[in-house]
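Remarks on the structure that follows.
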Amino acid sequence: MHTRGTATRHNEPERVFQGRSSRIYDRLTGLLLRGVYRRIAEDIADAAPDGAAVLDVGTGPGRLLAEIARRRTDLQLTGVDLSPDMITLAERNLRPYGARVSARTGDVTDLPFPDASFELIVSSFSLHHWTEPESAVPELARVLTPGGRLYLYDLRFAPFTNVVTAARERSLLTGRPHRSTLIRTGSPLLPSCVRHVMSNPAR
Ligand SMILES: C[S@@+](CC[C@H](N)C(=O)[O-])C[C@H]1O[C@@H](n2cnc3c(N)ncnc32)[C@H](O)[C@@H]1O
């Protein structure tokens, strides 16, 4: 999961998320990290309002979206990822859930959605791969509805501080006070991760 240090051109997926590597990532995470996705999906299933539109940024092969879809059949779920190969895998993994779940290619710094499209945005283990986390902030705030919430999950070293600082400097995501929590996943491979929750102000 961790490929920090890999040289990446902006707007180009890292090699580890393309071709054969993306298929290996899909198989390994499907086998080894199911408990982690379940733990995060429980959070999102509890937090999402009735009938909400939910976006998963850096969805990879869509494993988290599948777990959310199983728990909440009322939600409209969308995944977005820089890697077209990951999106191909996500489309395959999400097929059983029909039209209420979809995935498309896109960059967190230039999201292919209109303003105020989603009541909740989640992202798991993607933030530490974003080449410009600061540039993601205005886009995340733009596609969230007023009062919409952002749930970022990642490893402890992920650049959460860059996101929080960029939001503060631009007076974005100034809704409820920002919360950071250590989450126990119950998974031996990845026993804990950090959750940051931020939100847009209500209108
Ligand atoms: C470690 S994987 C995590 C995938 C999935 N969320 C999970 O938990 O298994 C990181 C994902 O973030 C995607 N990604 C990296 N930079 C991105 C960006 N700027 N915009 C959208 N997705 C990005 C990668 O293509 C990759 O699929």
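In each ligand, atom 1 is the first atom listed, and ligand 1 is the first ligand listed. Worth saying up front: this structure is predicted, and the values here are computed from it rather than measured.
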The answer for which part of Phe17 has a heavy atom under 4.0 Å from ligand 1 is side chain

Side-chain donor-acceptor contact under 3.5 Å, Ser83 with Asp81 | no

Is the ring centre of His196 less than 6.0 Å from the ring centre of Tyr153?
-> no

Here the atoms of ligand 1 under 4.0 Å from any heavy atom belonging to His129 are 1 (C), 10 (C), 15 (C), 16 (N)

Is the charged tip of Arg104 near the ring of Phe113: under 6.0 Å from the six-membered ring centre and within 45° of its axis?
-> yes

Run the salt-bridge test on Asp26 and Arg92 with the 4.0 Å N-O cut-off and return the result as yes or no.
-> yes

Compute whether any side-chain donor of one residue and acceptor of the other, for Asn162 and Glu134, lie under 3.5 angstrom apart.
-> yes

Using atom types as modelled and distance alone, determine if a side-chain donor or acceptor of Arg184 lies under 3.5 Å from a backbone N or O of Ser192.
-> no

A student checking ligand 1 against Gly60 at a 4.0 Å heavy-atom cut-off should list atoms 4 (C), 27 (O)

Asp107 heavy atoms within 4.0 Å reach ligand 1 at atoms 18 (C), 19 (N), 20 (N)

Contact with ligand 1 for Leu64, non-hydrogen, under 4.0 angstrom | no

What are the atoms of ligand 1, with element, lying closer than 4.0 Å to any heavy atom of Ser124?
-> 3 (C), 5 (C), 6 (N), 7 (C), 8 (O)

Has ligand 1 got any nitrogen or oxygen that is less than 3.5 angstrom from a nitrogen or oxygen of Val80?
-> no

Heavy-atom contacts with Gly106 under 4.0 Å: which atoms of ligand 1 show up? List them by number with element.
-> 20 (N), 21 (C)

A student comparing Leu33, Thr105, Leu82 should find that the heavy atom closest to atom 21 (C) of ligand 1 comes from Leu82

Heavy-atom distance to atom 13 (C) of ligand 1: which of Thr131, Asp154, Asp81, Ile87 wins?
-> Asp81

Has Val57 got any heavy atom lying under 4.0 angstrom from an atom of ligand 1?
-> no

Is the side chain of Glu119 donor-acceptor paired with the backbone N or O of Ala53 at a distance under 3.5 Å, no angle test?
-> yes

Ligand 1 atoms nearer than 4.0 angstrom to some heavy atom of Phe125 are 1 (C), 2 (S), 3 (C), 8 (O), 10 (C)

Answer side chain, backbone, both or neither: which part of Asp56 comes under 4.0 Å from ligand 1, heavy atoms only.
-> neither

Return yes if a side-chain donor-acceptor contact under 3.5 Å exists between Tyr151 and Arg149, otherwise no.
-> yes

Could you tell me whether Trp130 and ligand 1 have an N or O pair separated by under 3.5 Å?
-> no

Got a salt bridge between Glu139 and Arg142, using NZ or NE/NH1/NH2 to carboxylate O under 4.0 Å?
-> yes

Could you tell me whether a side-chain N or O of Asp154 sits under 3.5 Å from a main-chain N or O of Leu127, the two making a donor and an acceptor?
-> yes

Using a strict 4.0 Å cut-off to heavy atoms of Met86, name the atoms of ligand 1 that fall inside it.
-> 27 (O)

Does ligand 1 have an atom that lies less than 4.0 angstrom from a heavy atom of Tyr37?
-> yes

N-O pairing of Glu67 and Arg71 below 4.0 Å = yes

Going by the 4.0 angstrom heavy-atom rule, the piece of Thr29 near ligand 1 is neither

